[in-house]
Amino acid sequence: MSAGADALAIRARETLGRVFGHAAFRPGQEAIVTHVAEGGDALVLMPTGAGKSLCYQVPALLRDGCAVVVSPLIALMADQVAALEQLGVRAAYLNSSLDARAAAAVERAFAAGELDLLYVAPERLLMPRCLELVERARVALFAIDEAHCVSQWGHDFRPEYLQLSVLHERWPAVPRVALTATADPLTREEIVARLALEGARVFVSSFDRPNIRYAIVDKDAGPRGDARAQLVAFIEDGHRGDAGIVYCLSRRKVDETAAWLAGKGVDAMPYHAGMETAARTATQTRFQREDGVVVVATIAFGMGIDKPDVRYVAHLDLPKSIEGYYQETGRAGRDGLPADAWMTYGLADVVQQQRLIDRSDGAEAFKRVSSAKLNALLGLAETVGCRRVRLLGYFGEASARCGNCDNCLAPPESWDATDAARKALSAIYRTGQRYGAAYVIDVLRGASNERIARQGHEQLAVFGVGANLDEAAWRAVFRQLVAQGLASVDHEAYGALRLAEPSRAVLRGEANVAMRRSAARASKGPRVRGEAATLDPGARGLFDALREWRLGEARTQGVPAYVILHDRTLAAIAQSRPSSLDALARIDGIGAAKLDRYGAAIVSLARGTTANAT
Ligand code: ADP
Ligand code: ZN
C-alpha cells in the first residue's frame, strides 16, 4: 500500500469510529472505501445486511463535495436520511414525495455545497433540470444502489436505470460505485455493460449469511390449519414479540393466515397486491417503525423493506426458485443477530408449483427453465446435507458444513427406500393412475373405507402391503417420489399421480431409491437467541427501560426506532452499564453525534437502574 493509501485508510477508520461509532470495518468494506475515496470506480456485490451503505457513505465524507446516491426505493429515502441526520451527517433526498418548496430547498442546499449525501430517484436525476443542477454542484461520487435494476431479465427492472450511463459520459472524472445483493454472474455482466463499468474494480463478498439458521420441515398433512399450527408453534418457540415475515402464495391464504395468527395473539397484518394502496402503505410503515410486528405477505412484499431487526422469515408455500428463497429469507437478520429462515413443505406444495408452471402461458423454453429452477429448490428441500453448503454452492461458492442449519444440528437419515418406492409406484399403477396420494396411501395401508370397497381395490395385491409405515411416513415417500421425478402429477386429472419414465428402472429392480427421513422433532440443537435473551435479569431490566426511552424518542422525532439506536447497541449498554459518557462512547453504534444527543439521557438511565437493582 502506498503512503497515500495508508493515510486514507487511517482517515477512513477514524471517520468510521467518530461518525458511525463502529470499531472496525467488516470484511471487504475497507478495501472498497479506500478504492472509491481515491477516485476509483467499483462494482460491489454483497449480500443483504453485509453493510453496503458504508461503502459509499464513508467515501462521501472523505471526498470533497456531495455524494449523489441513486436509489429506486423512494419509500426508504426519508428513513435513510433520518438515520444519517442522527449521525450528524448532512443528508437530504429528492423524489416525487417532496412538494415543490421542499425540493427547491434541497436543491439550493446541494448547489451551495451544504450537503454530504443526496439521495435521488433515478427518474428525478435524469430530468434535464436535475442534471444541470449536478453540473453546477461539486460531486464527490455517484453511488448506484440496487444496481441489478438495470437487468431486463430480473423482476426489479427499471428502464430509467439504462440511462444512468449518462453519468459516466458527462462526468468521467467522478468515481462511481454500483452496489447490489444479486449474486448471479449474468446480472453482474449486465451491470458492467449497461453502466459502462468496464474499468471498475469488482468486489465480491461471500454471500453467506452466517447468522441465519435455515430449517425446512415436513408439512403436517390435512387441512391447511395444520401447517398454520406448525407456524404458531415455531413462533411460540422463541419468537414471541419478534418482528417477522410470513410468505404465502395466494392473497386469500395471506388474509386467512394473518387473521389466524391475530387470533393466536400474534401482532400480524396482511400485505398483498390486491389491497388498497393506503392499507398496504400503512402495513409497511407499522412494520418498519414499530417493534415486533409480523407481516403475512405474498412476494409483493419485499423490495423496499429495510428493517434490520426482522428475526424470522417463514414460508408456508414453496418459493419458485433458490434465488427467490435466498432473496426472501435474506430479509431476516440484517443486523447480524441470530435469525431464522423456516419453511414448511409437503407434497401439495410440489404439486402446486408444478401446476403453476404447467399452466403458465410461457413458451416451452421458459417452462423448462422454471422446472429446472423448481427442481434445484426441491433438491435443497430434500437434501440430507448442510443446507448452507447447498445454497452457497448454487451461487458458485464453496463452503464447509455450517453447524447452523437444521440438517447440521439434527442430521436426518438417508434411508434405502427402494422397497417402499416400489410398493408406492406399484400401487399408483395398479389403481389405474387415477388417484391422488391420500387414496393410494389408504390402499397401501389397507384401510377399509367405502371408496376403496366400491372400486374393488381391496382385491389388489398391493392392498395392505404398506401397513408397516404410518401415514406421515408414506406422505413423505410420495412427496419424494414426485420431487425426485419418479412420479408425476396430472393437473388435468385432479392431481392424479402417474408413473414417470425413470420409475421403470425402479419397478424392474434396476435402480435403488434413497430418501430423507427427518430427525425427531425434539432434537433442535442449542438455540442462539436474540441479543436481549442472553442478558441476565438485571441487564434485561435496563434493556427494557432503554427500549421504552427509545420508543419515546422515535415517536417524538417521527423516525423508526432503530434509526435512534439499534437493539444491539441497547443490549451492549444494558450489559456494561456505562456510568460516564466516556464509557458510553466506547460502545459500538455510539458515534460523536449520538453521544452528544443522547449520552446524558442514557447514562442517567444506566445509573438509575443500577441504583434500583442494588
Ligand atoms: P446492506 O445495505 O448491505 O443490506 P446495510 O448497509 O444496511 O446493509 O448495513 C446492515 C447493518 O450492518 C446496519 O445495521 C449497519 O449499521 C451495520 N454495519 C455495517 N457496517 C458495519 C460495521 N463496520 N460495524 C458494525 N456494524 C456495521
Ligand atoms: Zn448446515
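In each ligand, atom 1 is the first atom listed, and ligand 1 is the first ligand listed.
- Listed for the Arg11 side chain is a donor-acceptor partner under 3.5 Å among the backbone atoms of Leu62.
- Protein residues with a heavy atom under 4.0 Å from ligand 1 are His22, Ala24, Phe25, Arg26, Gln29, Pro47, Thr48, Gly49, Ala50, Gly51, Lys52, Ser53, Leu54, Arg334, His566, Asp588.
- Counting non-hydrogen atoms of neighbouring residues, nucleotides and ligands closer than 6.0 angstrom, the CZ atom of Arg555 reaches no more than 12 such neighbours.
- Counting only N and O atoms by type, the side chains of Glu553 and Gln557 include a donor and acceptor under 3.5 Å apart.
- Using a cutoff of 4.0 Å between basic side-chain nitrogens and carboxylate oxygens, Asp582 and Arg586 are not scored as salt-bridged.
- With a 6.0 Å cutoff to the six-membered ring centre and a 45° limit on the axis angle, Lys307 does not count as a cation-pi contact of Tyr562.
- Contact annotation: the side chain of Val204 approaches that of Arg188 to within less than 4.5 Å [non-hydrogen atoms, C-beta and beyond].
- Between the side chain of Asp567 and the backbone N or O of Asp309 there is no donor-acceptor pair closer than 3.5 Å.
- The main-chain N or O of Leu195 is found under 3.5 Å from a side-chain atom of Arg176 such that the two form a donor-acceptor pair.
- At a cut-off of 2.8 Å, measuring from the Zn ion (ligand 2), the protein N, O or S atoms that fall short of it are Cys386 SG, Cys402 SG, Cys405 SG, Cys408 SG, waters left aside.
- Between Asp588 and Arg568 there is no salt bridge, since none of the side-chain N atoms of the basic residue sits less than 4.0 Å from a carboxylate O of the acidic one.
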